[in-house]
Structures are given as C-alpha cells and as structure tokens.
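Worksheet: one structure, shown below.
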Amino acid sequence: SSDVCSSDLGVSLSLAVSLWGSQGMVRGAWTALGGQRPSLINLLRWDGKGFARLLSAWAVLGLLLLIPLLVILAALVITLLLLAEPAGGGHQQQGLRLVATVLLGFVGLAAVGAFGLLLTYLGVNQQFLAQIALLEGSNGITTLRRGQRLVDHQWLLLLLLLLIKALLLLLGVLLAFITLGIGWILAWPLVSCITTAAYRQLRQRELAAAAAWERSEEHTSELQSPYV
C-alpha cells in the first residue's frame, strides 16, 4: 500500500513538474520571439490558471485516446479467453468459437489501426496544445478544437514539422545517456522554441487573413451602398 502511494505521488509530482516546465518553456520562447530576453524569474513563475488550463486540455486529450485503448483491450481479453477455453463440445460449437475468435481478431486489428491513425492525427493538430492553452486562455475541449482549426488546413506540412521535432527529441534522449542528461536539457527547450515559433507564424497568418477579409468586406459594402 505504501509502495502504491509512493508511486502515485511520484507520478503526480512528475506530471506537475512537467506541466510547470512546459509553462516556463512556452513563456520563455514567446518572450524571446518578441525580441526580449527571458529572465529566470519569468521562466520559473507559477501561473495557477495557466496550469489548470493546460492540465484540463491534456486530460481531455487523454480521454480521447483512452476510449480506443479500452476497445483494443476488451477485444484482446475476450480473444484470449476464447482461445484458453477447453476445446470441448461438438464440431459446430468449435466452429462457432473459431469464427468468433477470428472476428474478434479482426476487430482488434482494426481498432489498433484506427488508434494509430487517431494518434497520428491528434499528434499533428494538437502539437500546439500548450501554446493555445497558455497564450489564448482556452480550456479543455476548446483548446483541442482550436488546435484542429489552426492546423487542419496545412496538416501535411505540420506533420513534417512534428517528425523533425520527434527526431530532435530522440537525438536528445540518445545524447542524454552519453552526456548525463545534458542532451535532453538542450533538446526540450529547442523543440519548445520551434513549436512556439511555428505557432506564432500560424497566428500571424491567421490574423493577416482575417484583416484582409475585413478590408474586402468593407470595400464590398462601400461599392454596394448608394449613399457613398
């Protein structure tokens, strides 16, 4: 019981430190991209509301991934139970058991494939989850929907960005074993800066497109008005 409590406490502390670190990384990257030098106090500053928004967004994302995982687990357990059942009964019963096992196997494979596609899709359009939650003040499902709207129109390009960041993190992990963790310490801020810079560029394009649309609407209304 004490081991379980210690394990739960360790996981909770690790999650809290990770989210706190994400806050500092996003804040520091945003400050640097704005032309200012981030200070250590600014990086370590606690933001309770931002922490809650970030936690709620990750919780919703985790629930979305948990549902297909439960389907896969259920199909796997039922298939194993059918296979472990003694091969008694007549030929008809054995045939039905074989058909049920094959069908459940196909369901499990389909669920694994669907989960892989879902994981890839969410991995791409939710790579700016921290930036949206912290910089736009979105909560939970709103953050996920915002990420979808921001990314979906250029999903393939941002898939390439995700692969590059994954490669950088992998190199950081590999170097961490040689450099006693220094590789990871360098890779995490670098990936955070790349992600925040990409988010900033997407936001600037979005705002520019919205401003151009408003100007075109105003021009159109002026042309249609008989009183101008």
Measuring only between side-chain heavy atoms, which start at C-beta, is I164 closer than 4.5 Å to L160? yes
Share the residues that join L33 in a hydrophobic cluster, the rule being Ile, Leu, Val, Met, Phe, Trp or Tyr side chains under 4.5 Å apart at the heavy-atom level. none
Is a side-chain donor or acceptor of Q126 paired with a backbone partner of L61 at a separation under 3.5 angstrom? no
Is it true that a side-chain atom of R27 and a backbone atom of R45 form a donor plus acceptor pair closer than 3.5 Å? yes
Does the side chain of Y199 reach to within under 4.5 Å of the side chain of L135, using non-hydrogen atoms? yes
Please find the pair of heavy atoms, one from Q127 and one from L161, that lie closest to each other, and give the distance. OE1-CD2, 3.8 Å
What closest approach, in Å, do L65 and F115 show between heavy atoms, and which atom pair accounts for it? O-CE1, 3.5 Å
Does L150 share a hydrophobic cluster with I141, counting links as ILVMFWY side-chain heavy atoms below 4.5 Å and allowing steps through other members? yes
With the 4.5 Å side-chain cut-off for hydrophobic clustering, are L119 and L69 part of the same group? yes
Do F128 and R203 come close enough that some side-chain heavy atom pair is under 4.5 Å? no
Cluster question for you: counting only ILVMFWY and a side-chain heavy-atom cut-off of under 4.5 Å, with indirect links fine, are W188 and F177 together? yes
Do L190 and L174 belong together in a cluster built from hydrophobic side chains that touch within less than 4.5 Å? no
Say you draw a straight line from CE of M25 to CG of L43; how long is it, rounded to the nearest 0.5 Å? 7.5 Å
In this structure, are over 12 heavy atoms from other groups packed under 6.0 Å from W58 atom CH2? no
Can you tell whether the side chains of R146 and E206 come within less than 4.0 Å, N to carboxylate O? yes
Just do the side chain to side chain contact (heavy atoms under 4.5 Å, CB included) check on T120 and L117 with the steps written out, would you? CA-CA 5 Å; T120 303; L117 292 175; 5.8 Å; no
Heavy-atom pair of closest approach, residues L19 and L55: CD1-CD1, 3.8 Å
L66 atom CG, over 12 foreign heavy atoms within 6.0 Å: yes
Using a 3.5 Å distance criterion without hydrogens, assess whether the side chain of T195 forms a donor-acceptor pair with backbone atoms of V191. yes
State, to 0.1 Å, how close S192 and A29 come at their nearest heavy-atom pair, and which atoms those are. O-CB, 4.3 Å
Looking only at heavy atoms, what is the nearest atom pair of L134 and R53, with distance? O-NH2, 3.3 Å
Gap separating the CD1 atom of I67 from the CG atom of L63, nearest 0.5 angstrom: 7.0 Å
Whether the side chain of S138 engages the backbone of T143 through a donor-acceptor N/O pair (distance < 3.5 Å, no angle test) should be reported. no
Measure the CH2-SG distance between W30 and C193 for me, rounded to the nearest 0.5 Å. 12.5 Å
Side-chain donor/acceptor of S22 to backbone N/O of S18, under 3.5 Å: yes
How many angstroms lie between CG in L144 and CG in N139, if you round to the nearest 0.5 Å? 11.5 Å
Determine the minimum heavy-atom distance between G183 and L175, stating which atoms define it. CA-CB, 4.0 Å
If the plane angle is over 60° it's perpendicular, under 30° parallel, otherwise tilted; pick one for W20 and W46. perpendicular
Derivation and outcome, side chain to side chain contact (heavy atoms under 4.5 Å, CB included), residues I41 and L44: CA-CA 5 Å; I41 296 177; L44 299 179; over 6 Å; no
If only side-chain N and O atoms count, and only distance matters, is there a donor-acceptor pair under 3.5 Å linking Q131 with T196? yes
Between D152 and W155, does a side chain to side chain contact (heavy atoms under 4.5 Å, CB included) hold up when you go through it step by step? CA-CA 5 Å; D152 273 359; W155 191 88; 4.0 Å; yes
State plainly whether one hydrophobic cluster holds both L162 and L158, where clusters connect Ile, Leu, Val, Met, Phe, Trp and Tyr through side-chain heavy atoms under 4.5 angstrom apart. yes
